[in-house]
There are 2 protein chains.
Amino acid sequence: MRKRRETKKTGRRAGSARPERSPAQGEDYEAVFRDFLQEKGLKLTRERKVILEEVFRHDDHFDIDEFYLKIKQKGLKVSRASIYRTLPLLLECGLVDEVKTTERQAFYEHIHGRRHHDHLVCLSCGKVIEFYSPAIERLQEEICRRRRFKSLRHVLEIQGHCKDCASA
Amino acid sequence: MRKRRETKKTGRRAGSARPERSPAQGEDYEAVFRDFLQEKGLKLTRERKVILEEVFRHDDHFDIDEFYLKIKQKGLKVSRASIYRTLPLLLECGLVDEVKTTERQAFYEHIHGRRHHDHLVCLSCGKVIEFYSPAIERLQEEICRRRRFKSLRHVLEIQGHCKDCASA
DNA sequence: ATTGCTATTGAGACTTAATCTCAATTTCAT
DNA sequence: ATGAAATTGAGATTAAGTCTCAATAGCAAT
């Protein structure tokens, strides 16, 4: 008996609800995924296609549960298990980025054709603000080089209150 | 029926097992905690003392489960619930730092009298390497200022392979 | 198109970190 | 010493994520 979406969405994670992106622009992500799968001897199934499409329809951060519900609402059928199995693949082939927040859940966002970026997370309203600092990136590389640490990815998240919530 | 410590400790989180710190130096953390509790109308119980002492005996990162077992081994009796309840207090009064890793668990470390720092986490052996970059700190402040974001804390974690694991 | 091997799926059981419950106990200001 | 209020612990509960396995679907070769 799943009991999700209970305490969730109570005003949090409202964010700047951007409109969904039209699926027309940039179809190439499917090719990227297809190639990746083929190389690993995996199959491009109906479910994986649905998930891929849906990921690229979101232009915002999303969590898996929200994502599952959205797919369900559209009448498409993909199980939670498949989503949990497919997202790591999308991560692995670089189409999706994973953001671990301090809360228990992880959030995802597609990154194909987007720059890597980090996040400011408002602890009051849940808004996620993106930023990118080439200087910070460079410093991180420097730190890794000095310690002969082979960096694969990083998470930089600054938590606090956004200007709207700070004044209130 | 708790079934913990099952898949854990299989070589991971080995880290640089520093010797435990003698409890003699820097007793003041107890005063800090006591004052904090008093201010909030909370009580300094036996359990909280045990937890505090144990936290400051560790000079390394630790997770709650490991921590619970260590206390138990010493014959001291503190329930898991109390640990889960006390650590947030230690966090709140600034005696302890929480490090969310990409794995599901959180790790903790005491920070009283220590500088804030960030982490390199080795995905193979689990080792946690600390670093501190004033330049990065400054850049972060700059980013927040520009967006009128009131920063409370941040997490910067670079994941990859440490020099030992990268060569293997 | 058919075949056959293999990857994949979905429903639901399972795992596990973390939280909650509540009666019994402890702290501490008075 | 006393009593109001906070705290504790054992165990139930929650919820994210993983696993199982029989049924199904992709796809390369024919």
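Computed from a prediction, not measured in an experiment: that's the story for all the values here. Residue numbers begin at 1 in each chain, while the letters A, B, ... track the order of the sequences. No hydrogens, no waters, no symmetry mates; every other heavy atom, side chains included, goes into these values.
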Which letters describe nucleotides 23-30 of chain C, given B = protein heavy atom under 4.0 Å from base, S = only from sugar-phosphate, - = neither?
-> ----BSS-
Short question: side chain of A:D63, backbone of A:E66 - any donor-acceptor pair under 3.5 Å?
-> yes
Want to settle it: does B:G41 or B:R85 sit nearer the 5' end of DNA chain D, counting the closest nucleotide to each?
-> B:G41
Between B:E142 and B:Q140, do the side chains contain an N or O donor and an N or O acceptor separated by less than 3.5 Å?
-> no
Starting from C1' on C:dT9, measure out to CD1 on A:I71 and report it in whole angstrom.
-> 14 Å
Does the pair A:K40 and A:E92 meet the rule for a salt bridge (charged side-chain N to carboxylate O under 4.0 Å, His left out), with working shown?
-> CA-CA 11 Å; A:K40 299 200 76 171; A:E92 196 182 337; 2.8 Å; yes
Check: B:K43 main-chain N/O paired with B:R48 side-chain donor or acceptor under 3.5 Å = yes
Gap separating the CG atom of B:L76 from the OH atom of B:Y68, nearest 0.5 angstrom | 12.0 Å
Considering only NZ, NE, NH1 and NH2 on the basic side and carboxylate oxygens on the acidic side, decide whether B:K74 and B:E54 come within less than 4.0 Å.
-> yes
Separation of C:dA17 P from B:Y68 OH (nearest whole Å) = 13 Å
Are the side chain of A:T86 and the backbone of A:S82 linked by a donor-acceptor contact shorter than 3.5 Å?
-> yes
Round to a whole Å and report the spacing from CG of A:L37 to P of D:dG26.
-> 13 Å
Between P of C:dA7 and CZ of A:F36, the distance in whole Å | 15 Å
Quick one: A:K77 NZ to C:dT8 C1', roughly how many Å, whole number?
-> 16 Å
Taking the inter-plane angle between the rings of B:H117 and B:H119 on a 0 to 90° scale, is it parallel (under 30°), tilted (30 to 60°) or perpendicular (over 60°)?
-> perpendicular
Take the protein atom NZ of B:K40 and the nucleotide atom P of D:dA6, then report the distance between them rounded to whole Å.
-> 12 Å
Taken to the nearest whole Å, CD1/A:I51 to C1'/C:dT9 is 10 Å
Tell me: CD1 of A:I83 to P of C:dT8, nearest whole Å?
-> 16 Å
Test log, rule salt bridge (charged side-chain N to carboxylate O under 4.0 Å, His left out), inputs A:K49 and A:E53 = CA-CA 6 Å; A:K49 271 187 239 169; A:E53 282 309 314; over 6 Å; no
The residue, A:R48 or B:A81, whose nearest nucleotide of DNA chain C is more 5′ is A:R48
Side-chain N or O of B:Y84 closer than 4.0 Å to phosphate OP1/OP2 of C:dA18 = yes
To the nearest 10°, let me know how far the axis at one end of the helix from C:dA1-D:dT30 to C:dT30-D:dA1 is tilted from the axis at the other, five pairs an end.
-> 40°
